[in-house]
J.: 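This structure is in structure tokens; I'll ask about it shortly.
In what follows, residues are counted from 1 in the order of the sequence shown. As a basis for the values below, the full set of heavy atoms in this structure was taken, side chains included, without hydrogen atoms, waters or symmetry mates. No experiment lies behind these values; they were computed from the predicted model shown.
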Amino acid sequence: MTCTRLLVINPNSSKSVTDGLEEVLKPPPQTEISFYTAPKNAPPSINDMVTANLTATACFLDIQEKKLLDQYDGFLVCCFSDHPLTHMLRETTSKPTIGIFEAAITQALLLGKRFGIVTTGTGYNADIHKGVQAFMGGPSQRFAGMVTTGLGVVELREGNRKKIEANMKEYSGKIAREGADVILLGCAGMAGMESLVMQGAAEAIPMAAPVRVVDGAKAGVEMLSGLVRFCG
């Protein structure tokens, strides 16, 4: 049986984010996973439309130069946004290409009644809200909202562990109180932090049923592997 080859793409240039993905992602049967980090000329984190476009361009040119589209059967873009690279690759190859943003929402809709997002940064993140509305076809009661942890993307992998754990639990509890029974890890740098989210939600609402936690990277690998088999 032919083995499916997937390329997991970290579109920022922080190797620590890729390392975190490598630690938690396991290939489905008959599947091989390879990992890609953006070239050094790409921003180390994706915080807005400018850095999203800069990372997309740097990765796209590098992927083209290395002829990676010929070497793999499917591509997973690991940025929790409607990242431009996803669309650029789709225009260039007919091979399945998805982002962890799409994968996470798709899985969440099948797991529970309302989903919420715990993400990086501070304040209101308009880009993620716009992305959710675009994916859902407009405002939806199934979206409980989003909270920002005050943590940076690279900080999630390299920062103070006590601060990271405290913030992840605090804001997971906050989105649980907003009615989310499924909570999405809103950054590739949060790979492996499901237990912190579950603890935070349980502490915030002790008598509630346990929340489901969705890591878009894990969901994306499974979905992408299935799409490759379906399209093949």
J.: Apply the test side-chain contact (heavy atoms from CB on, under 4.5 Å) to residues Thr31 and Leu224: give CA-CA distance (whole Å), side-chain angles for both, the deciding distance (0.1 Å), then the verdict.
T.: CA-CA 10 Å; Thr31 303; Leu224 191 59; over 6 Å; no

J.: Indicate yes or no for a side-chain donor-acceptor contact from Ser13 to the backbone of Ala42 under 3.5 Å, with no hydrogens or angles considered.
T.: yes

J.: Please list all pairs meeting ring-ring contact (aromatic ring centres under 6.0 Å, His included) that have one or both residues in residues 180-208, counting only residues at least two apart or in different chains.
T.: none

J.: I'd like to know if the side chain of Arg212 reaches the main chain of Ile183, judged simply by a donor and an acceptor atom lying under 3.5 Å from each other, with no hydrogens or angles considered.
T.: no

J.: Look at the side chain of Thr106 and the backbone N and O of Ala104, then say whether any donor-acceptor pair between them is shorter than 3.5 Å.
T.: no

J.: Looking at Asp73 and Thr4, would you say the former's side chain and the latter's main chain have a donor-acceptor pair under 3.5 Å?
T.: no

J.: Hey, is the main chain of Lys113 close enough, under 3.5 Å, to the side chain of Asp181 for a donor-acceptor pair?
T.: yes

J.: Looking only at side chains, do Ser225 and Arg229 share a donor and an acceptor under 3.5 Å apart?
T.: yes

J.: Going only through I, L, V, M, F, W and Y residues with side-chain contacts under 4.5 Å, is there a path from Leu6 to Met223?
T.: yes

J.: If every non-hydrogen atom of Ile46 is compared with every non-hydrogen atom of Val153, which pair is closest and at what distance?
T.: O-CG2, 4.4 Å

J.: Tell me, with the steps shown, if Asp48 and Thr51 meet side chain to side chain donor-acceptor pair (under 3.5 Å).
T.: CA-CA 6 Å; Asp48 47 34; Thr51 48; 2.8 Å; yes

J.: Side-chain contact test, heavy atoms from C-beta onward, threshold under 4.5 Å: evaluate it for Ile98 versus Thr86 and give yes or no.
T.: no

J.: Applying side-chain contact (heavy atoms from CB on, under 4.5 Å), name anything that partners Ala56, two or more places apart in sequence or on another chain.
T.: His83, Pro84, Leu85, Met88

J.: Once side-chain contact (heavy atoms from CB on, under 4.5 Å) is applied, do any residues pair with Glu155, and if so which ones, sequence neighbours excluded?
T.: Leu151, Lys163

J.: In terms of hydrophobic clusters joined by side-chain contacts under 4.5 Å, are Ile105 and Val221 together?
T.: yes

J.: Should Arg90 and Glu102 be marked as a salt bridge (Lys or Arg N to Asp or Glu O under 4.0 Å) after you check the CA-CA gap, both sets of side-chain angles, and the distance that decides it?
T.: CA-CA 14 Å; Arg90 284 174 179 163; Glu102 303 165 310; 2.9 Å; yes

J.: Please name all residues satisfying side-chain hydrogen bond (donor to acceptor under 3.5 Å, both in side chains) with Asn53, sequence neighbours left out, ordered by chain then number.
T.: none

J.: State whether the side chain of Arg114 and the backbone N or O of Gln141 hold a donor-acceptor pair below 3.5 Å, judged by distance alone.
T.: yes

J.: Any side-chain heavy atom of Val147 within less than 4.5 Å of one from Ile117?
T.: no

J.: Contact between Leu184 and Val182 at the side-chain level, heavy atoms closer than 4.5 Å - yes or no?
T.: yes

J.: Closer than 3.5 angstrom, by distance alone: can the side chain of Arg142 be matched with the main-chain N or O of Gly112 as a donor-acceptor pair?
T.: yes

J.: Is the closest side-chain heavy-atom distance between Leu185 and Glu194 below 4.5 Å?
T.: yes

J.: Check the surroundings of atom CE in Met136: do more than 12 heavy atoms from other residues, nucleotides or ligands lie under 6.0 Å from it?
T.: yes

J.: Could you walk me through whether Gln64 and Thr92 pass the side-chain contact (heavy atoms from CB on, under 4.5 Å) test, one step at a time?
T.: CA-CA 10 Å; Gln64 291 280 72; Thr92 310; 3.9 Å; yes

J.: Are the side chain of Thr93 and the backbone of Lys95 linked by a donor-acceptor contact shorter than 3.5 Å?
T.: yes

J.: Would you call Glu32 and Lys26 a salt bridge, using N to O less than 4.0 angstrom?
T.: no

J.: side-chain contact (heavy atoms from CB on, under 4.5 Å) between Leu25 and Lys218: does it pass, once the steps are laid out?
T.: CA-CA 6 Å; Leu25 293 183; Lys218 292 180 180 177; 3.7 Å; yes

J.: Quick one: do Phe101 and Ile128 satisfy side-chain contact (heavy atoms from CB on, under 4.5 Å)? Show the steps, please.
T.: CA-CA 9 Å; Phe101 179 75; Ile128 289 181; 4.3 Å; yes

J.: Determine yes or no for a side-chain-to-main-chain donor-acceptor pair under 3.5 angstrom, with Thr148 supplying the side chain and Gly150 the backbone.
T.: no

J.: Give me each pair satisfying ring-ring contact (aromatic ring centres under 6.0 Å, His included) with a member in residues 141-168, each pair once, sequence neighbours excluded.
T.: Phe115-Phe143, His129-Phe143

J.: Ignoring hydrogens and angles, tell me if any N or O in the side chain of Asp215 forms a donor-acceptor pair with the backbone of Ala219 under 3.5 Å.
T.: no

J.: Keeping to residues at least two apart or across chains, list the ring-ring contact (aromatic ring centres under 6.0 Å, His included) pairs with something in residues 9-52.
T.: none

